[in-house]
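Here is how names work: the chains are called A, B, and so on, in the same order as the sequence lines, proteins then strands, and each is numbered from 1.
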Protein chains: 2
Amino acid sequence: MLTISQLAATAGVTVRTVRHYHHVGLLPEPERDASGYRRYSAQAVVDLIRIRTLADAGVPLARIDALLHAQPAEFAAAVTDIDAELQRKIDQLTEHRRRIAELASGEALVLPPEVVANLNRMRSLGVSERAVRIERDVWILMQALEPHSMPQGIRDKTASFDDPGTTRLYLAIGQSLDWDPHDPRVDRLIDDLDAWETEHERDSSRPRNMASQLVFSRIVEASPAWQRILDVLAHRARQRRTAGHDG
Amino acid sequence: MLTISQLAATAGVTVRTVRHYHHVGLLPEPERDASGYRRYSAQAVVDLIRIRTLADAGVPLARIDALLHAQPAEFAAAVTDIDAELQRKIDQLTEHRRRIAELASGEALVLPPEVVANLNRMRSLGVSERAVRIERDVWILMQALEPHSMPQGIRDKTASFDDPGTTRLYLAIGQSLDWDPHDPRVDRLIDDLDAWETEHERDSSRPRNMASQLVFSRIVEASPAWQRILDVLAHRARQRRTAGHDG
DNA sequence: TCCAACCCTGACGTAGGGTCAGGGTCAAGC
DNA sequence: GCTTGACCCTGACCCTACGTCAGGGTTGGA
């Protein structure tokens, strides 16, 4: 007659494991001695070894009991099934490895390298880190919500760095985040942005879809000055459009 | 301002997932509206997308927060670490697959094919299924406790089938399990076994190690007749040994 | 006004045990 | 006879990353 620790040592498992198998009904509870200690027979050793053989092969505990009493045909079917499950898990982990290998750094988390390059270009122009962070988040939202418009967006953005007027605007935009909404520099920036929109045929008053709404929210949340800037720009654009219809 | 289900849908996760991230502190709890509903900003969308990007790559939730704020060097180190962990899991599952592929049927669970072959040979001799089951368990115990003595044991067993006297004994042994301990056939079987031991120079009275103790237990547990048989055989062997010393 | 579709908190379940907490038992040495 | 260390017991909480009720309040459209 063996104690629980002797049984466990013989089968190469922990005492806790044996008790767990009792708990889930995989190994029957043996008789107790006068002290209430469990006393095991040699049969229990054999049972436990057979259980561990399956468990060590990755068979879920819940299926082991059936497997131990299965006919060869059922057994083979169950083994095939469990093997497929293991393969599925392996595939998933392999996919995880593939993805994680792509995670070069924090910024490249979601974004294609062209975008990361553009962000670094903004940094080297002297645009503040805070503004770059907002720009990054805007691209993350684009990527998640309108991935199809990413290629065009990337091309436009990359091309814009060739225009000195536009790059000067980027610098001013970066600084403006911290300005008071009624700072006179805000008004001058609004005029510059308005002129830029007219020149590049953009219209900040057109109805916004999900993606651009979130983009606007992200910017407005970050800067009171920009709440005013975007409001005024949209207002002016609406006026221009109305005037265009009238004329 | 988004509701929790809008946020979840935007980031491609379930509402439960968002709440879980709040619970573990990965995503900050947002302000509530008058009804107590959570209201999310665009920033939350960005945060959640960044979290999911790492989670989808197999990064444990507990490590994501640190990773989101890590410098490139730390980030690279952490990614290497996590990748190694994923590889470890893959290796383990692959080992499981290898093992499970070896599990041809219930009996071959632990045992080498030669043993399985011998068990089937016993069946074809007409040995009862119950006796074969005990024999199987004896081999399982041997395998687990004294694997080094398996080859010799297998050779002896395999050779024994060439001896008609021994195979006849196997048959009698199989039938004897169910006999009453005081059945006269038990006495005749004891005589036969005693003669066999003498002939083959075995000694069932020698001190037993762990493995043979368990083997004896397994047999005695299964059959009262065999409790007596083993007792008497050991007694006689002891007597023979004493006589040998005296003479 | 009603109904579906939301939202809330709280709690249990998953697989396979690890790790206390709190208390009883046994065997050996002094 | 007493102590000490090694066992044994039950019960309960911990881990991952959420899924899935249960029970109840809110919102918005027909």
Side-chain angles (χ1 to χ4, degrees), chain A residues 1-27 29-40 44 48 51-67 81-82 85-86 88-89 92-93 95-96 99-100, chain B residues 1-27 29-40 44 48 51-67 82 85-86 88-90 92-93 95-96 99-100:
Chain A
M1 281 304 176
L2 304 172
T3 68
I4 194 170
S5 66
Q6 289 170 332
L7 169 68
T10 305
V13 302
T14 67
V15 169
R16 179 66 173 94
T17 298
V18 175
R19 288 206 265 249
H20 183 62
Y21 292 170
H22 289 324
H23 185 68
V24 299
L26 191 50
L27 191 66
E29 282 273 3
E31 302 289 307
R32 308 296 182 107
D33 67 12
S35 310
Y37 291 10
R38 293 177 180 86
R39 292 295 174 168
Y40 295 91
L48 186 51
I51 289 168
R52 283 312 302 179
T53 302
L54 289 171
D56 288 342
V59 177
L61 294 192
R63 309 190 59 168
I64 287 182
D65 191 59
L67 238 59
D81 189 38
I82 292 164
E85 178 66 14
L86 289 173
R88 202 187 55 73
K89 287 186 185 169
Q92 190 181 341
L93 288 172
E95 167 69 10
H96 283 169
R99 286 202 182 191
I100 213 171
Chain B
M1 281 302 170
L2 305 172
T3 67
I4 194 168
S5 65
Q6 291 169 332
L7 168 69
T10 306
V13 301
T14 68
V15 169
R16 180 68 177 92
T17 297
V18 176
R19 288 206 264 251
H20 182 62
Y21 292 169
H22 290 322
H23 184 68
V24 300
L26 192 50
L27 191 65
E29 281 275 3
E31 303 288 308
R32 308 297 184 106
D33 68 11
S35 311
Y37 290 10
R38 295 179 180 84
R39 290 296 174 169
Y40 295 90
L48 186 51
I51 289 169
R52 282 313 301 180
T53 303
L54 289 170
D56 287 342
V59 178
L61 294 193
R63 307 191 62 168
I64 288 182
D65 190 61
L67 240 59
I82 291 163
E85 178 65 15
L86 289 173
R88 203 186 55 70
K89 286 185 186 170
I90 290 174
Q92 191 182 340
L93 288 172
E95 168 69 10
H96 283 168
R99 285 200 184 191
I100 212 171

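- Donor-acceptor pairing under 3.5 Å is lacking for the side chains of A:Y21 and A:R16.
- As rounded to whole Å, 14 Å separates atom P of C:dG16 from atom NZ of B:K89.
- Atom CG of A:L7 is separated from atom P of D:dC7 by 15 Å (rounded to the nearest Å).
- Straight-line distance from the NE2 atom of A:H20 to the C1' atom of D:dC13: 15 Å, rounded to whole Å.
- Of the candidates C:dC8, C:dT25, D:dT20, D:dT20 carries the atom nearest the B:R16 side chain, counting heavy atoms from C-beta on.
- For the pairing with A:L7, the side chain to side chain contact (heavy atoms under 4.5 Å, CB included) check across A:V15, A:V13, A:L48 returns one residue only, A:L48.
- Across A:I51 and A:I64, no two heavy atoms sit closer than the pair O-CD1, 3.8 Å.
- Counting only distance, with no hydrogens or angles, the side chain of A:T10 and the backbone of A:Q6 share a donor-acceptor pair below 3.5 Å.
- Contact annotation: B:T14 does not reach the phosphate of D:dC18 (side-chain N/O to OP1 or OP2, under 4.0 Å).
- Among the nucleotides C:dT9, D:dC8, D:dA17, the one closest to any side-chain atom of B:R32 is C:dT9.
- Taking CD1 of B:I4 as the reference point, atom CZ of B:R38 lies at 5.0 Å (rounded to 0.5 Å).
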What nitrogen or oxygen pairs link the protein and nucleotides 1-6 of chain C at under 3.5 Å?
{"unit_1": "C:dC6", "atom_1": "O3'", "unit_2": "B:S5", "atom_2": "OG", "d": "3.4"}

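- For the pair A:H22 NE2 and D:dC8 C1', the interatomic distance rounds to 13 Å; values are reported in whole Å.
- Distance CD1 (A:I82) to C1' (C:dA15): 14 Å, rounded to an integer number of Å.
- Note on B:R63: nothing from the nucleic acid sits closer than 4.0 angstrom, heavy atoms only.
- Contact annotation: the side chain of B:R39 never approaches that of B:R32 to less than 4.5 Å [non-hydrogen atoms, C-beta and beyond].
- Side-chain atoms of B:A62 lie closest to D:dT16 of the nucleotides C:dC7, D:dT16, C:dG17.
- Remark on the helix from C:dT1-D:dA30 to C:dC30-D:dG1: inter-end axis angle 30°, axes from five-pair C1' superpositions, rounded to 10°.
- Rounded to whole Å, the distance from OH on B:Y21 to P on D:dG19 is 9 Å.
- A donor-acceptor pair under 3.5 Å is formed between the side chain of A:H22 and the backbone N or O of A:L27.
- Applying the side-chain contact (heavy atoms from CB on, under 4.5 Å) criterion to A:R63, with sequence neighbours excluded, gives A:V59, A:P60, A:A78, A:D81, A:I82.
- Rounded to whole Å, atom P of D:dA17 lies 12 Å from atom CG of B:L54.
- When atom types are taken as modelled, the side chain of B:H96 and the backbone of A:D56 share a donor-acceptor pair closer than 3.5 angstrom.
- Among the nucleotides D:dT26, C:dG17, D:dT10, the one closest to the side chain of A:R19 is D:dT10.
- Sequence order on DNA chain D of the closest nucleotides to A:Q6 and B:G58 puts A:Q6 first from the 5' end.
- With rounding to whole Å, B:D56 atom CG is found 9 Å from D:dC18 atom P.
- Rounded to the nearest 0.5 Å, atoms CD (B:E95) and CD1 (B:I90) are 14.5 Å apart.
- Checking C:dG16, D:dC8, D:dT27 against the side-chain heavy atoms of B:S35 singles out D:dT27 as nearest.
- For B:R38, no side-chain nitrogen or oxygen approaches OP1 or OP2 of C:dC7 to under 4.0 Å.
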